Enquirer: 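What follows is a structure written as structure tokens; I'll ask about it next.
In what follows, chains are A, B, ... by sequence order, proteins preceding strands, each numbered from 1. Note that the structure is a prediction, hence the values are computed from the model and not measured.
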Amino acid sequence: MKETSVYFKIPSEWIQTFYSRFNRQQPFMNAYEKIGRKLQEAREEAGLSQEELAKKIGCTQASLSNYELGKRRLYLADLQRIGHLLGKQVTYFLDESNELESVSVNEVQQIIKEQYLHEILFAAKELKASQRKSVLDFIRWQKDEGAK
Amino acid sequence: MISFELSTEQKRAELKFMRLAKKKLHPLSLKIDAQEPGPIDPAYLDILADEDLNAFLVPKQYGGRPLDFITLSLVIEGLAYGCAGFASIYGATLHAVSAVLIGGSHDQKAAYLPLLLGHRGKPAGCCITEQKGGSDTSRFSTTAYPDGQYYILNGTKSPVINAGDAAFYVVWANTNTGKGRGDINAFIVPGDSPGISIGPYHDKPGLRCAPTATVSFSEVQVHSSDMIGLQGSGYPLLMQSLDWSRALFSAICVGVAKAAFDQTAAFAKQRSIRNKPIIKNQGIGFSLADYATDICAGRLLVWRACRMMDRNAHYTKEASMAKLFASRMAARIASEGMLIMGLTAHTGPNLMAKFQRDTQVLRLLEGTDHIQKIIISSQI
């Protein structure tokens, strides 16, 4: 595994993952615009034109275009059918894990260099989702207490 | 050619429920409206069961007598003419049922829908909104963590219509794995599940006949077979079921608007000043002409959305347009009706004052005016 030469020898993929989770540089998009963009990506990945996919799912090319632009809501049955055709789970279209808040790569590196933060991050990685939530709640409580 | 003619069956449904509204719901609603907040009044539960109203929402194969959406809108309009609160109790059941019908499996429908039917039929409830984040689905704090064959639900939903009386709730919760909207899932939770607690009931200004309360989930165990749809499908399910219920909540707005209009018009014909009924004054007569036109327009918007639902076409924008127009229209007619009726509407318990309070709350249900505008503008 390739490693970067920061203080604690952290694999570069981890930094990239961490960075991408916090990348806020995208323009504002509503939920269905995001779903539409994912649909477009999945269609292109499958090598299909709008016309070809529209034919497979039994709608017009104009309707599919509206789905991709987020101008028309994809109902659950449509989403499941399209996901099936393109080999994607429903969660693929809804996953926002790459679009949360943002910090720069440098900031991430600085954060991870700090010993306790580094340990917290790596210790939390071993926990179940519910336990991570508890840790996060505790940190938020500490912040609130500190602000008083 | 577009037809605005109702079928014989539709006319019959309209008449039947208008009669129920005037005979039973009007007198009951005034009494219930004045009560302290609490569970649904037993008299309302009896009407729901005696008329087997929930059967209109349930497919035949599960024991129901389903209606097309336009006819259903006429039923709801009639119920709302009698009491918007009663119609909202029914509307909340409809919303929960819509989620099961849209995304539920055959087994889920067979297990839960019959609980709503017949003489022991109960309402159902939808647990969506939370005190902090409202209906912002990407911020649901109610959690559902997998635990073997079960999910464990924790959190608080408020306000919930039919809280404490529901045969089952459809609960939207967050599995918190970092996928945002992809973590939202819906579960069917029996109303008597251990770990559910109800209260307090809300002492709200309007729709007092449709009790709302906080529903808390503490370590509530839900079998994974009671998750609706595939993992992660809660968000589109919620949006689609909201579109569905919006169209039909608009019918509630039309029903109350008609009731408020009829009261106002009757008053304006009967009340005379200088030997002339006040309806003959253009200030009053023209206002009533506007209201009658608006009610007709609102009704047509509801029918258009319902027609699109019947045709299985896309109805998101149309449902929001109907809700936006009808809820504003109902609030305006009820409010101006209060002005026209003057002191008569302000002294003692009377339906007009109730209509005014109810219509204010109707502007919030299934999304405020602002939410409807966001939806409509996103589709333009």
Side-chain angles (χ1 to χ4, degrees), chain A residues 17-18 20-22 26 28-39 58-60 62-64 66-67 69-84 88-101 124-125 127-137 140, chain B residues 98-99 101-104 136-139 141 143-147 151-155 174-186 219 228-244 309 312-320 371 374-380:
Chain A
T17 307
F18 196 74
S20 63
R21 285 201 51 166
F22 291 93
Q26 300 174 19
F28 173 78
M29 295 170 90
N30 70 35
Y32 279 90
E33 285 169 339
K34 288 177 188 172
I35 293 170
R37 179 178 275 194
K38 287 274 178 77
L39 167 59
C59 71
T60 62
S63 297
L64 183 62
N66 279 334
Y67 287 142
L69 292 169
K71 284 191 173 179
R72 182 183 276 200
R73 282 185 175 183
L74 269 163
Y75 291 154
L76 186 57
D78 304 326
L79 205 55
Q80 286 172 347
R81 200 166 67 248
I82 291 171
H84 180 71
K88 301 286 184 194
Q89 304 276 341
V90 171
T91 41
Y92 165 83
F93 299 103
L94 301 159
D95 191 342
E96 297 179 293
S97 56
N98 289 332
E99 320 163 353
L100 301 176
E101 301 154 66
K125 194 172 170 287
L127 299 177
K128 289 182 192 168
S130 58
Q131 294 171 311
R132 286 180 200 163
K133 170 88 173 21
S134 301
V135 172
L136 185 61
D137 288 343
R140 285 178 178 150
Chain B
S98 74
L101 291 180
I102 291 166
D136 178 0
T137 50
S138 55
R139 299 283 176 273
S141 66
T143 54
Y145 290 118
D147 182 17
Y151 278 87
I152 307 298
L153 264 61
N154 280 292
N174 196 335
T175 47
N176 265 341
T177 62
K179 294 193 183 81
R181 289 189 182 89
D183 277 331
I184 306 299
N185 286 288
E219 300 292 310
I228 303 179
L230 300 171
Q231 173 83 34
S233 59
Y235 180 77
L237 176 68
L238 175 60
M239 294 299 113
Q240 192 174 347
S241 66
L242 276 168
D243 286 349
W244 187 329
M309 287 160 73
N312 215 12
H314 274 76
Y315 49 85
T316 301
K317 189 171 66 184
E318 290 71 17
S320 282
I371 297 285
I374 288 171
I375 294 167
I376 296 163
S377 62
S378 74
Q379 308 251 320
I380 291 170

Enquirer: Any chance you could measure B/Ile184, atom CD1, to A/Thr91, atom OG1, to the nearest 0.5 Å?
Expert: 12.5 Å

Enquirer: Where on B/Ile380 is there a heavy atom nearer than 4.5 Å to chain A: the side chain, the backbone, both, or neither?
Expert: backbone

Enquirer: A side-chain contact here means heavy atoms from C-beta on lying under 4.5 Å apart; do B/Pro236 and A/Leu94 qualify?
Expert: yes

Enquirer: Tell me whether the count of non-hydrogen atoms from other residues, nucleotides or ligands lying under 6.0 Å of CD in B/Gln379 goes above 12.
Expert: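 Yes, because the 6.0 Å sphere around CD of B/Gln379 holds more than 12 heavy atoms from other groups.
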
Enquirer: Side chain from CB out, backbone as N, CA, C, O: work out which of these in A/Tyr32 comes under 4.5 Å of a heavy atom of chain B, or both, or neither.
Expert: side chain

Enquirer: Does A/Lys88 NZ have over 12 foreign heavy atoms under 6.0 Å away?
Expert: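 Above 12, so yes.
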
Enquirer: Check whether A/Asp78 gets within reach of chain B through its side chain, its backbone, both or neither, counting any heavy atom under 4.5 Å.
Expert: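 Side chain of A/Asp78 only, per the 4.5 Å heavy-atom cut-off to chain B.
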
Enquirer: Is chain A contacted by the side chain of B/Asp243, its backbone, both, or neither, given a heavy-atom distance below 4.5 Å?
Expert: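 When you check distances to chain A, only side chain atoms of B/Asp243 fall under 4.5 Å.
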
Enquirer: Nearest 0.5 angstrom please: A/Asn30 CG to B/Ile375 CD1, how far?
Expert: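 One gets 10.0 Å once the value is rounded to the nearest 0.5 Å.
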
Enquirer: Tell me, for A/Gln80 versus chain B, whether the close heavy atoms (under 4.5 Å) come from the side chain, the backbone, both or neither.
Expert: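 For A/Gln80, the side chain is the part near chain B, not the backbone.
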
Enquirer: Quick check: closest heavy atoms across A/Leu76 and B/Gln240, and the distance to 0.1 Å?
Expert: N-OE1, 2.9 Å

Enquirer: Can you find a heavy atom in the side chain of A/Arg73 that is under 4.5 Å from one in the side chain of B/Lys317?
Expert: no

Enquirer: Using 30° and 60° as the class limits, which term best fits the ring planes of A/Tyr75 and B/His314: parallel, tilted or perpendicular?
Expert: parallel

Enquirer: Restricting to non-hydrogen atoms, name the atom on B/Gly232 and the atom on A/Val90 that form the minimum distance, rounded to 0.1 Å.
Expert: O-CG1, 4.1 Å

